[in-house]
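These numbers come from a predicted model, not from an experiment. So you know, we letter chains A, B, ... as the sequences are listed, proteins then strands, and number each from 1.
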Amino acid sequence: MSSIEAVTVPKWGMTMTEGKITQWMVGEGEHVTRGQEILEIETTKVTNVVEAAATGTLRRIVLKEGTTAPVGALAGVIAEAAATSEEIDAFIASYADRLGAGDEGDGGVPVPRTIAVDGGAVNVLEAGPQGDETVVLLHGFGGDLSTWLFNQSALAENMRVVAIDLPGHGASSPIAGGDVFPKIVSAVEAAVEAVAPGKLHLIAHSFGGAVAAAIAANRPSRVGSLTLIAPIGLSRQISRDFLVDFVAAERRRPLLGVLERLFADPSKITSDMVEGTLRFKRLEGVPEALSAIADTIADDNGQLQSIGDQLQALTCPVTLIWGERDGIVPVPQQAEVPGNVQLRIIPGAGHMPQMEASSAVNEAIMENIQHG
Amino acid sequence: MAQKSFRQALNEALHFEMGRDPRVIMMGEDLTGGAGANGVKDAWGGPFGVTRGLLDAFGPERIRDTPISEAAFIGAAAGAALTGLRPIAEIMFVDFAGVCLDQIMNQAAKFRFMFGGRAKTPLVIRATYGAGSRSGSQHTQALYPIFTHIPGLKVVIPSTPYDAKGLLLQAIRDDDPVIFLEHKMLYDTVGEVPDGAYTIPFGEARVARDGKDVLIIAIGRMVQVAEEAARKLAAEGISACIIDPRTTSPLDEDTLLEFTETIGRVVIVDEANPRCSVATDISALLADKCFDALKAPIKLVTAPHAPVPYAPNLEDAYIPSADAVVKAATSIIKR
């Protein structure tokens with residue numbers, strides 16, 4: 001029998017149950033290559049593209065544009081030219097039987113858990129097969145582990161991937177008192193120790209980049225690779241207004257205005273994203289903790305953290321990924337990037353390329369991990 | 001994040017705030033849940049199980065069972081609020097509020113205004129409302145329009161466990177009288193609720209679902225009905241946005257107007273009777289402030305203008321259904 005591959009409605013994030021087919025980027029009968037963007041799907045959280053999992057011909061579009069279907073539903077079929085129409089029909093018929101019988105049900109959805117650390121709790125979400133190596137995802141200021149909804153499941157196809165809510169974010173408890181930055185590093189290190197005993201591949205965004213750089217500097221022998229997305233700590237430039245306005249925004253509309261600055265295309269922001277951010281911002285103790293973190297990131301003269309020396313001292317592969325249109329932490333000058341560090345610019349993306357250009361970012365992450 | 005029921009979320013809020021602020025007291029009928037009955041204390045956790053554990057935690061001085069006289073204990077609660085306490089008074093069914101309207105609308109609601117802003121009345125009146133529990137027409141009305149009509153009262157109608165906890169904490173901390181209405185059919189619904197304390201400001205609607213073809217504004221339990229309708233509409237390729245005002249006084253007019261301007265087609269779902277209701281009030285607001293943005297008439301899906309029937313089949317027919325919302329939405333999409 002000829003090789004036939006399903007194109008299905010993916011599950012992006014824990015809460016996604018269905019998606020709407022907004023656009024097929026190729027037509028029936030057209031050739032597609034593995035990794036090519038072929039389908040755009042809208043969810044209650046965000047719109048994203050699906051890549052072809054195989055090279056071949058898009059033989060059948062099952063879900064037309066405008067259709068809403070549950071996660072796991074068969075959207076289309078990619079097959080070799082040799083596959084007959086009867087084989088395609090049989091595949092589609094058999095797929096209908098498989099829907100709901102696989103691991104897309106509630107039982108297959110990973111659920112976050114809480115790790116007790118000194119002075120609080122750190123929330124983690126684990127996915128992927130057990131192994132000696134673990135990919136650790138650290139989000140940026142004001143984010144949470146859902147920042148990685150387009151990355152974690154893709155990376156977890158082959159490796160164990162743990163996404164972490166930084167202290168004061170998501171469902172992790174805030175750090176109290178002074179010395180905020182070292183306490184955050186130490187809380188994250190403790191959580192990582194508890195869930196990822198082997199080699200680490202650290203992937204971190206923005207403020208999380210400084211946390212990851214500190215962890216890598218503290219335990220270089222543990223770290224197999226470091227991939228930082230728009231990290232702080234390489235130049236002085238930063239939008240301090242973003243930090244101040246984020247902390248001050250207590251209601252939906254002002255917060256939406258602040259979050260829009262993160263993206264090159266502000267229409268990416270959904271109400272779920274705003275509501276999710278408000279949820280942790282409204283927890284008692286969090287506004288004060290966020291304010292303290294913002295003060296460790298920048299003052300009126302710009303960024304306060306510096307990670308250049310830490311990166312330079314590392315022997316593992318280090319890659320920086322930056323959105324070309326980043327309005328929060330601008331792309332650094334070449335002189336500000338250590339010589340052992342590779343810099344990749346993602347065209348058309350803002351401060352959140354892992355959401356705006358997830359395919360390119362996933363590819364860059366995998367490449368760096370493979371070098372580690 | 002932990003999954004908790006609407007009932008647990010309310011109980012957590014009460015436990016937290018009574019522990020944090022010694023001025024918070026509670027009063028109502030059977031709050032202690034069976035105290036005095038065969039020597040059993042806290043057997044039920046109140047008529048709906050919401051106050052379980054409070055008597056043991058805070059004692060009879062702060063958790064007071066009252067005689068069956070709403071007029072008496074609502075008046076006492078209003079007075080206690082004026083003296084510096086922060087009382088929470090529970091009316092078992094909001095239908096019984098009729099006997100204490102003088103204390104609510106003629107006294108508590110007016111103190112701030114009558115005393116030039118110098119009198120605070122931090123009073124919360126919790127009550128159940130709504131049809132579907134086979135409780136008969138004297139225990140099932142959705143009377144929030146009456147309270148929304150009265151200046152000086154804040155009216156809160158949560159639709160999720162998360163909102164129930166955050167809005168109740170906000171209500172207890174508010175310095176004005178708040179009518180906090182809990183739909184009986186929501187008590188067992190489950191959702192994510194943080195363990196820690198948090199407040200949700202009044203006057204901020206929740207965008208429960210993004211969508212671009214039709215705007216469904218739904219109140220209280222009707223948010224669930226709207227969500228079911230939205231799923232059915234999605235299967236037909238129609239994308240519905242759902243907004244839950246969360247508080248009818250203050251009302252988040254800005255959000256309602258903003259989304260109406262963008263979407264242009266509006267269905268309002270309200271379990272209350274249709275005359276002089278929140279649905280008609282919002283409809284008038286939208287027609288007045290953004291008439292030019294409307295692409296079709298505003299549709300109201302409400303209960304009929306009748307008392308809630310006792311016969312189960314009639315009671316079910318009385319409650320606005322998802323199919324009725326779908327029908328209303330598709331009728332204006334096609335225009």
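The residue among Pro194(B), Gly166(B), Pro201(B), Gly237(B) with the most heavy atom pairs within less than 4.5 Å of chain A is Pro201(B). Between chain B and the options Glu65(A), Lys281(A), Arg113(A), Arg251(A), heavy-atom pairs under 4.5 Å are most frequent for Arg251(A). For the options Gly196(B), Ala197(B), Ala235(B), heavy-atom pairs under 4.5 Å to chain A are most numerous at Ala197(B).
No hydrogens or angles considered: nothing links the side chains of Thr22(A) and Glu42(A) as a donor-acceptor pair under 3.5 Å.
Seen from the ring of Tyr198(B), Arg279(A) does not count as a face-on cation partner, given the 6.0 Å and 45° thresholds.
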Inset, instruction - Starting from the C-alpha separation in whole Å, work towards a yes-or-no answer on salt bridge (charged side-chain N to carboxylate O under 4.0 Å, His left out) for Glu17(B) and Arg62(B). - result: CA-CA 12 Å; Glu17(B) 201 58 13; Arg62(B) 295 179 66 194; over 6 Å; no
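The contact between Glu258(B) and chain A is made entirely by side chain atoms (from C-beta outward), counting heavy-atom distances below 4.5 Å.
Between Met355(A) and Trp148(A), the closest side-chain pair of non-hydrogen atoms is not below 4.5 Å.
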